[in-house]
Amino acid sequence: MGSADTFDELAADVIACRACPRLVAWREEVAAVKRAAYRDWTYWGRPVPGFGDPEARIVVVGLAPAAHGANRTGRMFTGDRSGDFLYASLHRMGLANQPNATDRDDGLVLDDVYITAPVRCAPPQNKPTPAERDACRPFLDRELALLSRARVFVALGAIGYGAVASELGIRPRPKFSHGLEAPTPGGQTVVCSYHVSQQNTFTGRLTDAMLDEVFGRALALAATA
C-alpha cells in the first residue's frame with residue numbers, strides 16, 4: 001500500500017478495504033439485518049475513514065466503529081451514545097460547533113480536532129483480533145503522516161493508546177491509566193482517557209467532568225507545544 005497524498009485518497013482506500021473477511025462479513029450482516037429502531041436507515045456498512053480538521057493539533061484515537069453507530073452513519077462516533085458523550089465534551093471545550101452527531105449531513109464541524117481509530121470496521125463484540133488491528137495499521141500510519149500539525153493525541157481506552165504509542169515510538173510504554181501523559185520521541189504528548197463506551201459512562205467510571213479535564217489538558221499542551 002502506497003502512501004496517501006491527500007486525506008481524500010486515504011479515505012477512498014479505507015472505504016474500499018476488504019482485507020479482513022471476519023470484519024467484512026460482520027459489518028455487512030449488521031447493515032443488512034439492522035436494528036429495529038433504524039430499519040428505515042440505509043446503513044453505511046463499510047470501513048469508516050477519519051473525520052475532523054486536517055490542520056488539527058489534537059488527534060482523538062478511539063477503538064473501532066460501533067455496529068449501529070459509525071457502521072450505520074459512516075462517520076466516527078456518530079449516531080450512538082458514545083458519540084453523544086464525546087461530542088458534547090468537545091462542544092463544551094470549544095472544539096466542536098454543536099454537541100450532538102446524528103448523521104454525516106448534520107452540520108457538525110470540528111475545530112483543531114481530528115478523530116480516528118486503529119480499526120476501521122465494526123468488529124463483533126467490539127473486539128478486533130490482533131491480526132485485524134495489524135491489517136488496519138497502515139491506514140493509521142498514513143493518517144498520522146498527513147496530520148502534520150498534531151501535537152497531542154487523546155487516546156480513548158487501552159487499545160487506542162497502544163496503537164498510537166506504537167506509531168509514535170513510545171518506549172518503554174507506561175501502563176494505560178486515565179489521565180496518563182506520555183511524551184513521544186518527536187516532542188508530542190499522548191493523553192489517556194477511559195473510553196467513552198456506555199459501559200464506562202453509564203457506570204460513572206468516566207464522567208463529563210473527567211473527559212472535559214482531559215480535553216482541557218490537551219488544549220493546554222497543544223497551546224504550548
Side-chain angles (χ1 to χ4, degrees), residues 1-11 13-14 17 19-20 23 47-65 76-77 86 90 95 110 112-121 123 126-197 206 211 213-225:
M1 182 181 297
S3 61
D5 293 324
T6 68
F7 283 96
D8 286 344
E9 290 172 348
L10 174 56
D13 286 348
V14 169
C17 184
C20 301
L23 297 188
V48 180
F51 163 68
D53 183 350
E55 300 296 322
R57 293 177 300 166
I58 300 170
V59 178
V60 178
V61 183
L63 168 57
M76 291 284 181
F77 285 105
L86 172 63
L90 292 176
L95 297 168
L110 302 184
D112 213 13
V113 174
Y114 187 93
I115 299 178
T116 188
V119 177
R120 308 307 174 105
C121 292
N126 293 320
K127 293 181 180 179
T129 67
E132 289 163 351
R133 295 201 300 265
D134 289 346
C136 232
R137 181 171 177 171
F139 291 138
L140 184 61
D141 181 62
R142 293 167 61 184
E143 203 161 42
L144 296 190
L146 287 168
L147 291 163
S148 59
R149 297 191 69 232
R151 305 308 306 158
V152 183
F153 296 83
V154 176
L156 302 178
I159 291 179
Y161 169 56
V164 74
S166 179
E167 286 293 328
L168 299 177
I170 297 177
R171 298 183 186 89
R173 184 188 306 169
K175 183 179 179 180
F176 173 84
S177 63
H178 181 84
L180 172 72
E181 295 182 20
T184 76
Q188 300 152 317
T189 305
V190 177
V191 181
C192 293
S193 170
Y194 292 135
H195 195 276
V196 291
S197 66
L206 178 65
L211 189 58
E213 185 176 2
V214 166
F215 281 118
R217 181 60 179 154
L219 277 165
L221 288 167
T224 58

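These values consider heavy atoms only, across backbone and side chains, with no hydrogens, waters or symmetry-generated copies. All of these numbers come straight from a predicted model, not from anything done at the bench.
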Restricting to non-hydrogen atoms, name the atom on [X] and the atom on [Y] that form the minimum distance, rounded to 0.1 Å.
{"X": "Tyr161", "Y": "Pro174", "value": "OH-O, 2.6 Å"}
{"X": "Cys20", "Y": "Ala135", "value": "SG-CB, 3.7 Å"}
{"X": "Pro185", "Y": "Leu168", "value": "CD-O, 3.2 Å"}
{"X": "Ala222", "Y": "Ile58", "value": "CB-CG1, 4.2 Å"}
{"X": "Leu211", "Y": "Leu206", "value": "N-CD1, 4.1 Å"}
{"X": "Arg120", "Y": "Gly50", "value": "NH1-N, 3.7 Å"}

Query raised in the report: Sequence neighbours excluded, which residues qualify as side chain to side chain contact (heavy atoms under 4.5 Å, CB included) partners of Ala117?
Result: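 In terms of side chain to side chain contact (heavy atoms under 4.5 Å, CB included), with neighbours along the sequence ignored, Ala117 is linked to Met76.
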
Requested in this report: Could you tell me which residues satisfy side chain to side chain contact (heavy atoms under 4.5 Å, CB included) with Ala11, sequence neighbours excluded, listed by chain and number?
Outcome: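 Checked Ala11 against side chain to side chain contact (heavy atoms under 4.5 Å, CB included); matches are Pro49.
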
**Report entry** Arg151 (side chain) donor-acceptor with Arg57 (main chain) under 3.5 angstrom
**Finding:**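 Side chain of Arg151 to backbone of Arg57: no pair is present.
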
Report task. Check whether any side-chain N or O of Arg171 sits under 3.5 Å from a backbone N or O of Ala165 as a donor-acceptor pair, and report yes or no. Result ->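 Not confirmed, Arg171 side chain does not pair with Ala165 backbone.
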
Going by heavy atoms in the side chains, are [X] and [Y] under 4.5 Å from each other?
{"X": "Leu219", "Y": "Leu95", "value": "yes"}
{"X": "Glu143", "Y": "Val59", "value": "no"}
{"X": "Glu167", "Y": "Asp141", "value": "yes"}
{"X": "Leu86", "Y": "Ile115", "value": "yes"}
{"X": "Phe77", "Y": "Leu156", "value": "yes"}
{"X": "Ile159", "Y": "Pro118", "value": "yes"}

Gap between atom [atom2] of [Y] and atom [atom1] of [X] - 0.5 Å precision:
{"X": "Thr129", "Y": "Leu23", "atom1": "OG1", "atom2": "CG", "answer": "7.0 Å"}
{"X": "Ser197", "Y": "Leu63", "atom1": "OG", "atom2": "CG", "answer": "9.5 Å"}
{"X": "Thr116", "Y": "Phe139", "atom1": "OG1", "atom2": "CZ", "answer": "11.0 Å"}
{"X": "Leu140", "Y": "Arg133", "atom1": "CG", "atom2": "CZ", "answer": "12.5 Å"}
{"X": "Thr6", "Y": "Asp8", "atom1": "OG1", "atom2": "CG", "answer": "5.0 Å"}
{"X": "Phe153", "Y": "Ile170", "atom1": "CZ", "atom2": "CD1", "answer": "9.0 Å"}

Query raised in the report: side-chain hydrogen bond (donor to acceptor under 3.5 Å, both in side chains): which pairs involve residues 180-196, sequence neighbours left out?
Result: Glu181-Arg217

Query - Worked verdict on Phe7 versus Leu147 for side chain to side chain contact (heavy atoms under 4.5 Å, CB included) - result: CA-CA 9 Å; Phe7 283 96; Leu147 291 163; 3.7 Å; yes

